[in-house]
Amino acid sequence: MGGKDAIKFELLATDRNTKARRGRLTTPHGEIDTPVFMPVGTAATVKAVKPEDLRALGARILLSNTYHLFLRPGHEIVREAGGLHAFMNWDGPILTDSGGFQVFSLAAMRRISEEGAEFRSHIDGSKHMLTPEKSIEVQNALGADIIMAFDECADYPIDHRRAEEASERTSRWLERCKAAHEDTDRQALFGIMQGGMYKDLRRRSAERIVAMDLPGYAIGGLSVGEPKALMYEILDDCDDLLPREKPRYLMGVGSPDALFEGVARGVDMFDCVLPTREARHGAAMTSRGGLNIKNARFERDFGPLDPECDCYTCTHYSRAYLRHLFKSGEMLSATLLSLHNLRFLVRAAEGIRRSIESGEFVAYKEAFLRKYYFDGE
RNA sequence: GUGGGUAUCGUCAAGUGGUUAAGACACAGGAUUGUGGCUCCUGUAUACGUGGGUUCGACUCCCACUACCCACC
C-alpha cells in the first residue's frame, strides 16, 4: 500500500441555494477544476479529435475504457507502449471505466456469477471473463489517474429484488477491487453506487461503498432509460449519502440540462458520449438549443453554427459548409462537429464554475437552460 | 444506312395481361446519455419514352415513331 493517495480534492466554494460545489482535483497528471465535463475516448481516442485539439478546447481529463482496450489491442500492449498516456499522446489526467457497464451494454451472451462476468466480444465473438481482479489488473496496466470499480449496472426497469442483487454484488466486488489495487499513490480507485431507482437500495449501496474510504465515489446506474425526473429524484439524495470532501462522479451523463441539474445536486464530474456521437450523426448543441446540420434550411446559411461560440469550428466555418461536409460523408464533418459539441459542454462547465464562485449559479443555470430549451432559433 | 438490344420515381431496379406498380439509394424529418463512427426510426414522389392498335382489362401483346447502347457497312 502506498503512503498517500493519488489524488487530492479541495472544495473552493459552495453555492448557497443549491448543492453546487466548485472544487479542484489534483491528479498525478495535473489539476482539474470542477465541476468538469470529461470527453469520452473509449478506444484510447476521442473519436475524430486529436489530443492537442482537446487541450485547446479546454478539455482537461479524458475517459477511456477497460473493456475496449482489453479486447483490442490488449492491455499488455498498452503497458509496453508506456501506458495509456504515452500510447495515445495525452499527458493530462485520464479516467478509465472498469468494463462493467460495457459488458452489460455491448457484449453478447453475458453470464454473471459471483466470480465475475463471462461474455462474448462484440468484435469477434470470442469468449472472455472479466472479474473485479482482472478489471483492476487491466486498469493498472493502462495506468489512468483514476480507475473505476468493476460494477454491475442494472437495467431499467428492474424489480427491487434483482436491483438489490446487482447492487449488493457491486459492493462485494468493490471490496475485491480495493484489495486487488495496490498502487494507490499512482492511481485512485473510485467506488460506484448502484441500487437502481430504489432509494433504500441507493442508501445501502452508498453506506457500503463509503465505509471503504475511497478517494472518490461515482453514481452509476442512472440515465439508463428512466425518465429524467426520476433520475433527478435519485440524485436529490446523493449529496447526503456521499461524503462532501470527496469528488462525486455521475457516470455517463452529459446532456446540457442534466449537467446543470447534476451540479445543483452536488455532482463534480460528468462524462458523456453525447457530444461526440451526436456530432458524428450531424447534431450540434448550440446556445439556442440543438440543431441538425442535415436540415435543408441550412443549405445557404453562411453564418456560424453557434454565433456565441468561440470554438475553432464556429470561428472558421459556416453552417452551409458543415452541412455540405456531412451530406458528402466527409470525415472532417465528424471532426468539426465534435470539436464544437465538446467545446459547448466544456464551456458550459466553465460558466458553471464561474457562476458558483460568484454566487450566481441559479441565475446562470436558469438563463442557460431557458435559452437552450425554449428560445430555439 | 442495316441488324440487334434497352426505355418503370432524381438514380439503380423488380414486375411480364387482372385490385391502391416492390425494393434500394437519394431526398425530407426525428432519435442518440460510463460509444461497435459512416447507425436506428419515420416520411415524400404528377415513375411505366411518344402516338396508335388488340383486349372486358395493357407496365406487360402488336405497329409506328423518338432517344440511347452494341455490332456491321
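Note on naming: letters A, B, ... go to the chains in the order of the sequence lines (proteins, then strands), and numbering restarts at 1 for each one.
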Can you tell me if [X] touches the phosphate of [N], counting only side-chain N or O atoms and a distance under 4.0 Å to OP1 or OP2?
{"X": "A:N295", "N": "B:rG30", "answer": "yes"}
{"X": "A:K327", "N": "B:rA28", "answer": "yes"}
{"X": "A:R277", "N": "B:rC38", "answer": "no"}

Could you give the [atom1]-to-[atom2] distance, from [X] to [N], as a whole number of Å?
{"X": "A:Y249", "N": "B:rU33", "atom1": "OH", "atom2": "P", "answer": "15 Å"}
{"X": "A:E299", "N": "B:rA28", "atom1": "CD", "atom2": "C1'", "answer": "12 Å"}
{"X": "A:K228", "N": "B:rU32", "atom1": "NZ", "atom2": "C1'", "answer": "11 Å"}
{"X": "A:H281", "N": "B:rA28", "atom1": "NE2", "atom2": "C1'", "answer": "18 Å"}
{"X": "A:F298", "N": "B:rG30", "atom1": "CZ", "atom2": "C1'", "answer": "14 Å"}
{"X": "A:N292", "N": "B:rA28", "atom1": "CG", "atom2": "P", "answer": "10 Å"}
{"X": "A:M251", "N": "B:rU33", "atom1": "CE", "atom2": "P", "answer": "15 Å"}
{"X": "A:F101", "N": "B:rU33", "atom1": "CZ", "atom2": "P", "answer": "8 Å"}

**Request:** Apply side-chain contact (heavy atoms from CB on, under 4.5 Å) to A:Y364 and list each qualifying residue two or more places apart in sequence or on a separate chain.
**Result:** A:F260, A:I352, A:S355, A:F368
**side-chain contact (heavy atoms from CB on, under 4.5 Å) partners for A:C311, two or more places apart** = A:C309, A:T313, A:C314, A:H340, A:R343
**Prompt:** Between A:Q194 and A:D151, does any side-chain donor sit less than 3.5 Å from a side-chain acceptor?
**Reply:** yes
**Asked** Is the closest side-chain donor-acceptor distance between A:E115 and A:S113 under 3.5 Å?
**Response** no
If you measure from the [atom1] atom in [N] to the same atom in [M], how many Å do you get, rounded?
{"N": "B:rC61", "M": "B:rG18", "atom1": "C1'", "result": "14 Å"}
{"N": "B:rU60", "M": "B:rG51", "atom1": "P", "result": "13 Å"}
{"N": "B:rG34", "M": "B:rA28", "atom1": "P", "result": "29 Å"}
{"N": "B:rA58", "M": "B:rC73", "atom1": "P", "result": "44 Å"}
{"N": "B:rA14", "M": "B:rG53", "atom1": "P", "result": "31 Å"}
{"N": "B:rG17", "M": "B:rC62", "atom1": "P", "result": "12 Å"}
{"N": "B:rA24", "M": "B:rU39", "atom1": "P", "result": "14 Å"}
{"N": "B:rU8", "M": "B:rU44", "atom1": "P", "result": "24 Å"}

When we call it a touch if two heavy atoms are under 4.0 Å apart, what does [X] touch: a base, just sugar-phosphate, or nothing?
{"X": "A:R120", "result": "nothing"}
{"X": "A:I192", "result": "base"}
{"X": "A:S105", "result": "nothing"}
{"X": "A:A334", "result": "nothing"}
{"X": "A:G221", "result": "base"}
{"X": "A:A218", "result": "nothing"}
{"X": "A:Q194", "result": "base"}
{"X": "A:I123", "result": "base"}
{"X": "A:G254", "result": "base"}
{"X": "A:D97", "result": "base"}

**Asked** Does RNA chain B take part in any stems of at least 3 consecutive Watson-Crick or G-U pairs (both distances under 3.5 Å), and if so, which ones?
**Response** B:1-7 with B:66-72, B:10-12 with B:23-25, B:27-31 with B:39-43, B:49-53 with B:61-65
**Fill in**
dist A:L12:CG -> A:R21:CZ (nearest 0.5 Å) comes out at 11.0 Å
**Fill in**
Per atom distances to the A:K294 side chain, the nearest of B:rU33, B:rA31, B:rA28 is B:rA31
**Side chain of A:D271 (C-beta onward), nearest among B:rU32, B:rG34, B:rG37** = B:rG34
Side-chain heavy atoms of [X] within contact of [Y], under 4.5 Å:
{"X": "A:E207", "Y": "A:R203", "result": "yes"}
{"X": "A:D53", "Y": "A:L342", "result": "no"}
{"X": "A:D97", "Y": "A:M251", "result": "yes"}
{"X": "A:R248", "Y": "A:C238", "result": "no"}

**Asked** By ring pair (Phe, Tyr, Trp, His ring centres under 6.0 Å), which residues pair with A:Y321, not counting sequence neighbours?
**Response** A:Y317
**Message:** List the residues meeting ring pair (Phe, Tyr, Trp, His ring centres under 6.0 Å) with A:H122, not counting sequence neighbours, and say none if there are none.
**Reply:** A:Y67, A:H68
**Message:** Is it the case that the ring center of A:F344 lies less than 6.0 angstrom away from the ring center of A:Y372?
**Reply:** yes
**Request:** Assess whether one donor atom and one acceptor atom, taken from the side chain of A:D151 and the base of B:rG34, lie less than 3.5 Å apart.
**Result:** yes
**Prompt:** Quick one, which residues of residues 39-67 of chain A touch RNA chain B with a heavy atom under 4.0 Å?
**Reply:** A:V40, A:T42, A:K47, A:L63, A:N65
**Asked** For A:R323 and A:V253, take the nucleotide of RNA chain B holding the closest heavy atom to each; which residue's nucleotide lies nearer the 5' end?
**Response** A:R323
**Request:** Would you kindly compare A:G282 and A:F326 by the position of their nearest RNA chain B nucleotide and give the one closer to the 5′ end?
**Result:** A:G282
